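Both ligands and their constituent atoms are indexed starting at 1 by order of listing. Remember, predicted model here, so these are calculated numbers, not experimental data.
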Amino acid sequence: WNTGPRKEIYYEPEEVKAAIVTCGGLSPGLNDVIRQIVFTLETYGVKNIVGIPFGYRGFFEKGLKEMPLSRDLVENINLSGGSFLGVSRGGAKTSEIVDSIQARRIDMLFVIGGNGSHAGANAIHEECRKRKLKVSVVAVPKTIDNDILFMDKTFGFDTAVEEAQRAINSAYIEARSAYHGIGLVKLMGRSSGFIAMHASLSSGQIDVCLIPEDLLQKSNATDASGNVILSDFGVHMQQKIKKHFKDIGVPADLKYIDPTYMVRACRANASDAILCTVLGQNAVHEAFAGFSGITSGVCNTHYVYLPIPEVITAPKHVNPNSRMWHRCLTSTGQPDFH
Ligand SMILES: Nc1ncnc2c1ncn2[C@@H]1O[C@H](COP(=O)(O)OP(=O)(O)OP(=O)(O)O)[C@@H](O)[C@H]1O
Ligand SMILES: O=P(O)(O)OC[C@H]1O[C@](O)(CO)[C@@H](O)[C@@H]1O
């Protein structure tokens with residue numbers, strides 16, 4: 001569907017109670033989205049806007065209270081990284097969340113999160129329909145990993161690629177200056193290597209880029225949300241490289257940098273800040289148009305609304321047969337390991 005404001009709106013702004021929740025891990029730009037949702041709601045005339053603290057947990061965990069939000073309060077939150085509302089994983093209890101939505105008389109729920117949060121948002125939407133509650137549940141895709149289907153990019157990704165350059169450059173300088181130096185940098189991406197691929201393409205200082213599409217080492221452990229915990233491949237590589245050079249009797253001075261949480265906690269860069277602004281505003285137009293169970297994003301250069309079930313069928317991966325991955329291989333000069 002086309003995005004943007006509609007001539008006819010489904011809600012009477014003065015009667016609306018709107019809630020915002022941020023779930024999953026951090027991504028640069030979360031505060032920019034919260035801020036734009038609040039600004040746009042106020043522009044429509046909504047007076048009752050609240051933030052749900054610490055993800056879905058804020059709906060049912062004792063001691064967590066909703067936060068009244070206003071333009072004055074959120075004016076400057078985009079100046080820092082993180083989430084003004086807090087985030088969390090786990091604790092997805094759909095019926096308790098909907099009980100809480102009902103008790104708080106929420107009409108619009110804005111869920112800012114990744115694949116898991118979208119699955120949660122869809123479950124909340126379904127449960128609201130089942131109970132015949134007139135609640136618009138709309139999502140804004142957030143993932144530093146850029147692993148949401150159909151989206152050209154998700155906010156935070158550009159910032160992550162840019163911020164990763166600092167770590168790559170430091171590793172490069174250390175490696176160049178050391179006798180038999182090697183620099184190793186670990187970047188985030190869970191099961192999708194978009195950050196690594198784009199950071200390699202943009203840096204030009206990389207000799208080998210490895211992506212999880214090739215290298216996944218699964219364990220049986222899961223995090224609070226049920227995501228499989230992958231073993232630390234950076235540490236694994238560090239040990240393997242050291243052992244290899246020891247075994248062949250060649251000195252190697254390996255410097256390992258893991259900048260992952262420094263990258264994730266950054267403030268959004270200019271291009272992500274613009275994306276967040278558009279997505280935040282579109283989410284509010286989406287809710288006022290009466291949509292629910294829908295997410296907004298940028299797909300094939302167009303801003304669009306998409307049904308949540310379509311975008312969560314699977315995470316998006318780097319296609320090892322794609323032009324982009326082959327451009328990366330050409331740029332680094334590494335062999336194709338396939
Ligand atoms: N299938 C699901 N149904 C309902 N809720 C879910 C589901 N999967 C995850 N959730 C809930 O959504 C929230 C966020 O999930 P998760 O921790 O997987 O992060 P995410 O949204 O995928 O973001 P990130 O990209 O940072 O990992 C958690 O509170 C989790 O319990
Ligand atoms: O350590 P945390 O907060 O559970 O998050 C780690 C995961 O979150 C992400 O940054 C984003 O989803 C992944 O790349 C990573 O695997």
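Within the 4.5 Å cutoff, no side-chain heavy atoms of Arg35 are placed close to those of Phe84. Between His302 and Thr3, every side-chain heavy-atom pair lies at or beyond the 4.5 Å cut-off.
In summary, the atoms of ligand 2 found under 4.0 Å from a heavy atom of Tyr261, numbered by their order in the structure, are 1 (O), 2 (P). Residue Gly114 approaches ligand 1 through these ligand atoms, each under 4.0 Å from one of its heavy atoms: 20 (P), 21 (O), 22 (O), 23 (O). Distances below 4.0 Å separate heavy atoms of Arg190 from the following atoms of ligand 1: 27 (O). Of all the atoms in ligand 2, the ones that sit under 4.0 Å from a non-hydrogen atom of Gly189 are 14 (O). Atoms of ligand 2 found under 4.0 Å from any heavy atom of Ile144 (numbered from 1 in listed order, with element): 10 (O), 11 (C). The atoms of ligand 1 that sit less than 4.0 Å from any heavy atom of Lys142 are 23 (O), 24 (P), 26 (O).
Between the side chain of Glu213 and the backbone N or O of Val318 there is at least one donor-acceptor pair closer than 3.5 Å. Ser177 places no side-chain N or O within donor-acceptor distance of the main-chain N or O of Glu174, the cut-off being under 3.5 Å. Panel note: side chain Ser136, backbone Phe291; a donor-acceptor pair is recorded below 3.5 Å.
The heavy atom nearest to atom 18 (O) of ligand 1, considering only Leu26, Asn227, Thr22, is found in Asn227. Within the set Gly55, Gly90, Cys23, Ala139, the minimum heavy-atom distance to atom 29 (O) of ligand 1 is found for Gly90.
A salt bridge links Lys153 with Asp158: the distance from a Lys NZ or Arg NE/NH1/NH2 to an Asp or Glu carboxylate oxygen falls below 4.0 Å.
Residue contacts with ligand 1: Arg57 is excluded, as none of its non-hydrogen atoms falls under 4.0 Å. Contact between Asp145 and ligand 1 is absent, with no heavy atom of the residue lying under 4.0 Å from the ligand.
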So Val284 and Met108, side-chain contact (heavy atoms from CB on, under 4.5 Å) or not? Walk me through it. CA-CA 9 Å; Val284 177; Met108 293 179 182; 5.6 Å; no

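Here Asn78 contributes atom CG and Arg267 contributes atom CZ; the two are 6.0 Å apart, rounded to the nearest 0.5 Å.
Counting heavy atoms closer than 4.0 Å to ligand 1, residue Ser117 contributes atoms from both its backbone and its side chain.
Any N or O atom pair closer than 3.5 Å counts here, and Gly113 shares no such pair with ligand 1.
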